[in-house]
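Naming: A, B, ... by sequence-line order, numbering from 1 per chain.
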Protein chains: 2
Amino acid sequence: MYLSSLTELALASRLKSLSDRFYNAGDEVYRNAGARIESRWFPVMRFLWEQGPATVNDVAAAIGQTHSAVSQLTDKLVRAGMAKRQGDAADGRRSLLTLTTKGSRALAELGIVWAAIRQGVKDSLGAEGTQLLAAIEACERALDEQPIVPNILNRHAALAASKVVIVPFRTELREHFHALNAAWLRKYFVIEPIDEKVLRHPEEFVLKPGGAVFFAMLGDEVIGTCALLRDAPGVYELTKMAVDESFRGLGAGRQLLDAAIDEFRRGKGTMLFLESSKKLKPALHMYQRAGFVLQSANRPDSHYARADVYMIYAPPKKSAAKPRKRIAGKA
Amino acid sequence: MYLSSLTELALASRLKSLSDRFYNAGDEVYRNAGARIESRWFPVMRFLWEQGPATVNDVAAAIGQTHSAVSQLTDKLVRAGMAKRQGDAADGRRSLLTLTTKGSRALAELGIVWAAIRQGVKDSLGAEGTQLLAAIEACERALDEQPIVPNILNRHAALAASKVVIVPFRTELREHFHALNAAWLRKYFVIEPIDEKVLRHPEEFVLKPGGAVFFAMLGDEVIGTCALLRDAPGVYELTKMAVDESFRGLGAGRQLLDAAIDEFRRGKGTMLFLESSKKLKPALHMYQRAGFVLQSANRPDSHYARADVYMIYAPPKKSAAKPRKRIAGKA
DNA sequence: GAAAATTATGTAAGCACTAACATAACCAGC
DNA sequence: GCTGGTTATGTTAGTGCTTACATAATTTTC
């Protein structure tokens, strides 16, 4: 699913849709089991059932919703004959919500339905269900203790102060060349032996034959990398492009690409190609915008099992790359 | 929070409220960071940004919503000048959604905001955040593979066919006496040495001194237990009452209680008491309904550190317990 | 090549919730 | 005892989504 690739950014949407799925499942179960209640009623009714009569605010606080929501829900319960409102004699503002006998009877009959739900959820979700519950619990607590927005804004201020800079290979950054690439390789494919060799020893397999490695830095964090590999005299391969997931969208990929293309031209290269996979759509778009052209056939003697895309650098004539570079520098 | 005590039963409500919290947090962040977008727009806009122009249905499928939702959201994006609709020349039914330059520019500026969100979420939620994402992912997959409703309905049918039966102690059930009690003790308190002793050796510490242990069975599953402990001649303590969380609401607790009270009367006991904790509200209600009366002071020489409630069995005269038993048997 | 089915999209009505306001009851401090 | 603030609740309008329906374009089927 597309949303899962956005990880933290689309949390709310995914939670919402999971929530809807469970609400619907609940309603379907109640309907099929002959229960006369709806899944949205459950928290309020169960609370009244367990704890006895309570005020609107009590209920709202317990189930974590606004008093309005509870008040409106109560209207429905009253209309359905499940609950009633009684003025509190001691305090005229309050009104006690109570289950009617019809309401308590409806709940009393639900015992085995609840047991079935608990078991059924365990059957379907297994350990994931327990894990989900635990994670929800933990997040609720974490959000209560440490509000998330100020945290994000602090981070934002820090990031806004720095900007992405491309630097050439340095020995002390070698580790990152491997780590950044391993992350996405593991995610989408597997790490092939040739990857491991090159990623572990860039000096020997990239630099020495006449290639280059670049890193994208944000402040003092290494957020991306790529390599220009000399394949034959004048022939270069763009490869090992990787940007840390948390820093996608900053333009680091494009800047790395531009740096590699610059290096290719400085070296008076005659051909620059890359191999990739159809799975990596956003990357392919970027390559295309940068001047790479998709070839109809795959590269004849590819190094990679995963490669099903072959692109060659062929920018439109009249030096279209120059102005582009200025824009990238500005962004 | 009350909802967390309902575990699987209130999953939907809790997911919804978590979702709302994240939506609100997102909006707050965007507002404060000067971004011109709303958190609800994000999935659609990001998708168009990454994958290029797409039809309503493409977008809907990718972000897991109905085409109507996307269509309506598009109206808003168009009104805000972020996107436009273009009729597809090849297929007159379709209309391609595209970001306007204003839209793409707005997103391009969001790079560091997204990075900040990812980092900030990690700061606030830490491992819980990762765990939550993993759990969501797993649940989505599990629900797709194995629909949950038929599972629940099967379970329900099975449960509806059997009913709760109370049986006296049997050696081969000894393990359950410990397991059922350990579950709730660990959850609310800690297991004190005296608990461990009695739970592990009910024959020696409960039966031999003249007490009794009961189990509640549903089909061949042991779902609850309780013990009647002889404290002194004619004086009995009701204790070690436990019902499996998955089977709350079936009335097993009440039936166990009735069985113990019956046993107490059969033994011509003169006093029956119990100790419990204010934390266990639903249990206290049940005890009260069964005829236990809350004492103003705690029991003088309590065995338990956790006990802050002391109740004595004193049913209203004129044999109120008899009719009650019939009802319990019927339920 | 016309009829039937499918696909793509928009529109309307409804639901669950929230925010914002309105009202009434209560309470604390002078 | 009155006054300003608080608390408890209801009411209204608005939002984001869904379902159900409507419509038009396209493809399939005989």
Side-chain angles (χ1 to χ4, degrees), chain A residues 10 12-28 31 37-45 53-80 83-97, chain B residues 10 12-28 37-44 53-80 83-97:
Chain A
S13 303
R14 294 173 78 194
L15 288 169
K16 171 71 161 46
S17 100
L18 250 196
S19 161
D20 286 340
R21 289 174 84 162
F22 283 116
Y23 271 129
N24 289 338
D27 280 331
E28 207 177 326
R31 229 178 5 255
I37 85 163
E38 294 181 18
S39 60
R40 308 257 174 183
W41 302 356
F42 170 74
V44 171
M45 290 187 71
T55 66
V56 172
N57 260 357
D58 289 346
V59 176
I63 67 176
Q65 288 189 327
T66 59
H67 76 268
S68 311
V70 174
S71 178
Q72 291 171 33
L73 217 166
T74 305
D75 288 344
K76 264 167 236 166
L77 292 179
V78 170
R79 233 174 292 136
K84 54 180 189 283
R85 293 178 206 255
Q86 300 178 304
D88 183 335
D91 184 337
R93 293 167 304 179
R94 318 170 78 173
S95 86
L96 286 175
L97 309 183
Chain B
S13 303
R14 294 172 78 194
L15 288 169
K16 172 72 160 48
S17 101
L18 249 196
S19 161
D20 285 340
R21 290 174 84 162
F22 282 117
Y23 271 130
N24 289 337
D27 279 331
E28 207 177 326
I37 85 163
E38 295 181 17
S39 59
R40 308 257 173 183
W41 302 356
F42 170 74
V44 171
T55 67
V56 171
N57 260 357
D58 290 346
V59 176
I63 67 176
Q65 287 189 328
T66 59
H67 76 269
S68 308
V70 174
S71 178
Q72 290 170 33
L73 217 165
T74 304
D75 288 344
K76 264 167 235 166
L77 292 180
V78 170
R79 232 175 291 135
K84 53 180 188 283
R85 293 178 207 255
Q86 299 177 304
D88 183 336
D91 184 337
R93 291 167 306 178
R94 319 171 78 174
S95 86
L96 286 175
L97 310 183

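- Listed by chain and number, the residues in a side chain to side chain donor-acceptor pair (under 3.5 Å) with B:Ser71 amount to none (sequence neighbours excluded).
- Considering only residues two or more places apart in sequence or on other chains, B:Arg21 meets the side chain to side chain donor-acceptor pair (under 3.5 Å) condition with A:Asp144.
- Remark: A:Thr55 is in phosphate contact with D:dT9, judged by side-chain N or O atoms under 4.0 Å from OP1 or OP2.
- In this structure, CZ of B:Arg94 is placed 11 Å from C1' of D:dT26, rounded to the nearest angstrom.
- With sequence neighbours excluded, the residues forming a side-chain contact (heavy atoms from CB on, under 4.5 Å) with B:Thr74 are B:Val70, B:Val78, B:Arg85, B:Leu97, listed by chain and number.
- With sequence neighbours excluded, the residues forming a side chain to side chain donor-acceptor pair (under 3.5 Å) with B:Asp58 are B:Thr55, listed by chain and number.
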Nucleotide by nucleotide, nucleotides 13-25 of chain D touches protein heavy atoms under 4.0 Å in the pattern (B base, S sugar-phosphate only, - none) ---SBBBB----B

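- Residues forming a side-chain contact (heavy atoms from CB on, under 4.5 Å) with A:Gln86 (at least two apart in sequence, or on another chain): A:Lys84, A:Thr98.
- Among residues two or more places apart in sequence or in another chain, the side-chain contact (heavy atoms from CB on, under 4.5 Å) test is passed with A:Ala61 by none.
- Read 5' to 3', the first and last nucleotides of DNA chain C with an atom closer than 4.0 Å to a heavy atom of chain A are C:dA16 to C:dC26.
- Within the structure, every side-chain polar atom (N or O) of A:Ser71 is placed at least 4.0 Å from both OP1 and OP2 of D:dT9.
- Using a distance-only test at 3.5 Å, with no hydrogens or angles considered, a donor-acceptor pair links the side chain of A:Asp27 to the main chain of A:Ser39.
- Partners of B:Phe22 by ring-ring contact (aromatic ring centres under 6.0 Å, His included), not counting sequence neighbours: none found.
- Regarding contacts with the backbone of D:dG10, a side-chain N or O of A:Arg85 is found under 4.0 angstrom from either OP1 or OP2.
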